[in-house]
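Only one structure is covered here, and it is reproduced in the block below.
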Amino acid sequence: MLMQVVNVSVLGPVTLPEFSREFQNTMTKFGVFRAFIAGSWIDFGSYMPVKSPINGEAIAQVSKLGAEHVDSAIERLHYSWPLLKAIPAHKRADMLIKVADFIEEYKQLFRDVLIIEGGKPINEAEGEVESTITRLRMIHQDLGRLLNVGIPGEYGVGTENKYAIVVREPIGVVAAIAPFNYPLFTSMVKVATALLAGNPVIFKPSSYTPITGVLIAKAIEYAGLGNYFAMVTGPGAAVGDAMVTHPLVRAITLTGSTETGLRVMRMAGLKRLQLELGGKAPAIVLEDADLRDAARKIVTGSLRLSGQRCDAISRVIAMDSVADELINYIVKEVNGWVVGDPRDPKVRVGPLIDANAVERVHSMVDDALMKDGKLIYGGKYWLTYHEPTVVDNVSRKSRLAIEETFGPVIPVIRVKSVDEAIEVANEVMYGLDAAVFGRDVGMLWRVARSLEVGEVTINDFPRHGLGLFPFGGVKESGFGREGVGFSVEDVTELKTIVITHG
């Protein structure tokens with residue numbers, strides 16, 4: 001039974017030592033976390049519960065905003081834009097370093113929220129916090145993409161007495177929409193790169209993980225950038241739609257499902273879009289691969305975060321001649337992945353985000369088994385938990401071979417040739433990541449060049465990590481690229497200024 005709403009002042013202008021104590025107070029009392037609008041924490045009087053996937057219990061409440069609140073927030077941010085642009089870029093970068101300082105100061109609190117709110121195992125939650133801090137401390141490297149370029153006109157007829165300066169300018173209010181699986185890292189990178197470029201940001205965290213969004217807003221406020229930032233919570237149909245359709249929003253950066261991305265594209269109109277959407281990463285295992293090493297990396301790439309990653313390996317395409325041996329190694333590796341409460345240090349596979357996700361994953365396994373698939377390991381599920389599952393002989397026509405899984409399942413598709421492996425890998429609508437395991441460099445190169453994806457990883461599982469390498473998708477996995485120095489390109493515009501001399 002829900003407790004009475006406690007309207008605490010946790011998000012007022014408290015000092016840092018008070019912050020952690022009052023935040024924990026709010027969680028304990030099932031209190032309300034307010035929305036943050038252009039420097040102010042506002043209680044709009046309507047709330048929605050936040051439930052932990054660990055046990056389904058409500059842990060707090062957040063503000064439930066409507067379209068009219070979003071419209072007002074965007075207008076306030078738009079009017080703040082000239083003030084943000086007036087801050088030199090290097091000073092904006094220094095302010096974002098203070099965001100990293102804040103997260104460093106409260107990294108245990110950030111970690112605990114990721115565990116309780118999102119169901120992350122301890123080591124994965126700690127890794128996300130540390131990665132976020134490290135990425136923010138690299139923010140000055142993104143400034144390199146904001147440099148101006150000079151182009152002399154003397155190389156063309158009619159422009160001999162002209163000189164062009166091409167400048168990269170902020171685009172305007174940016175709408176950032178984040179997923180539940182990496183609610184701190186993904187959100188913070190979207191917000192930070194947009195602010196660095198000189199854009200105000202309206203940010204919507206996932207409705208599954210809005211408390212992480214609250215912490216992000218507090219960090220932005222602490223860094224002195226609160227007047228140029230809004231954190232809004234509420235149903236996607238109201239809040240998200242209002243964000244992407246508002247005429248003052250000039251760019252949208254979204255990480256989410258392909259269905260959500262297609263919806264945003266239809267609604268957004270003439271806005272700059274950066275979309276990282278669904279994935280169905282294949283791991284192609286060639287005959288000359290180190291099968292023990294490939295199995296270890298395939299299992300890690302499939303089961304991390306219970307498979308709830310857009311870059312997760314969700315199809316193993318194995319040469320028939322090595323498939324049996326590969327599966328034996330995979331099963332031995334899976335044995336070491338304990339499933340259960342993520343607060344237990346021994347657990348490596350925590351819950352899925354809700355019971356509906358579990359039912360969906362299980363229905364995909366059932367579909368594969370009805371199409372002649374063979375259950376090799378696992379298959380059990382309960383509440384929000386699905387144990388690691390290995391299915392052999394998966395049909396190319398099964399849902400497990402075609403749809404994004406987002407669960408801890410390792411489907412094995414057997415093929416007889418490299419050409420068939422490439423055909424199977426490319427026949428889905430997704431094109432985000434892929435992995436290839438083998439020793440023949442020429443063959444690895446051939447396969448990598450033939451795959452219709454944004455990134456191919458050779459002899460390892462896909463992982464975007466800090467974003468040192470640009471990442472993003474093709475086909476229905478989206479477009480645009482994120483990464484150090486690349487994310488800012490989609491939230492800026494080029495302006496050419498032509499000077500006539502002589």
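These numbers come from a predicted model, not from an experiment.
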No-hydrogen, no-angle side-chain donor-acceptor test under 3.5 Å, Lys380 and Thr389: no
Intermediate values then yes/no, side chain to side chain contact (heavy atoms under 4.5 Å, CB included), Val412 and Val394: CA-CA 6 Å; Val412 180; Val394 170; 5.6 Å; no
Other residues, nucleotides, ligands: >12 heavy atoms within 6.0 Å of Arg446 CZ: yes
Steps toward side chain to side chain contact (heavy atoms under 4.5 Å, CB included) verdict (Leu136, Glu104): CA-CA 11 Å; Leu136 286 169; Glu104 181 85 50; over 6 Å; no
Aromatic plane relationship, Tyr106 with Phe102 - under 30° parallel, 30 to 60° tilted, over 60° perpendicular: tilted
Residues Thr258 and Glu404: side-chain donor-acceptor under 3.5 angstrom: no
Pairs involving residues 233-246, ordered by first then second residue, that meet side chain to side chain donor-acceptor pair (under 3.5 Å) (sequence neighbours left out): Asp241-Arg263
Reported OG-to-CG distance for the pair Ser450 and Asn426, which is rounded to 0.5 angstrom: 7.5 Å
Spacing of CD belonging to Glu489 relative to CD belonging to Gln274, to within rounding of 0.5 Å: 10.0 Å
Gln108 CD: over 12 foreign heavy atoms closer than 6.0 Å: no
Asp354: partners by salt bridge (charged side-chain N to carboxylate O under 4.0 Å, His left out), with sequence neighbours left out: none
side-chain hydrogen bond (donor to acceptor under 3.5 Å, both in side chains) against Asp101, all qualifying residues, sequence neighbours excluded: Arg137
side-chain contact (heavy atoms from CB on, under 4.5 Å) against Lys371, all qualifying residues, sequence neighbours excluded: Asp367, Ser395, Ser398
Short side-chain donor-acceptor distance under 3.5 Å, Arg399 and Ser363: yes
Cationic N near anionic O, under 4.0 Å, Arg309 to Glu124: no
Nearest-0.5 Å distance that lies between atom CD1 in Ile139 and atom CG in Leu96: 5.5 Å
Parallel, tilted or perpendicular: ring planes of His362 versus His386, cut at 30 and 60 degrees: tilted
Pair Asp142 + Arg135: basic N to acidic O under 4.0 Å: yes
Pairs satisfying ring pair (Phe, Tyr, Trp, His ring centres under 6.0 Å), at least one member in residues 429-459, at least two apart: none
Pair listing, ring pair (Phe, Tyr, Trp, His ring centres under 6.0 Å) test, anchored in residues 460-482, at least two apart: His464-Phe471
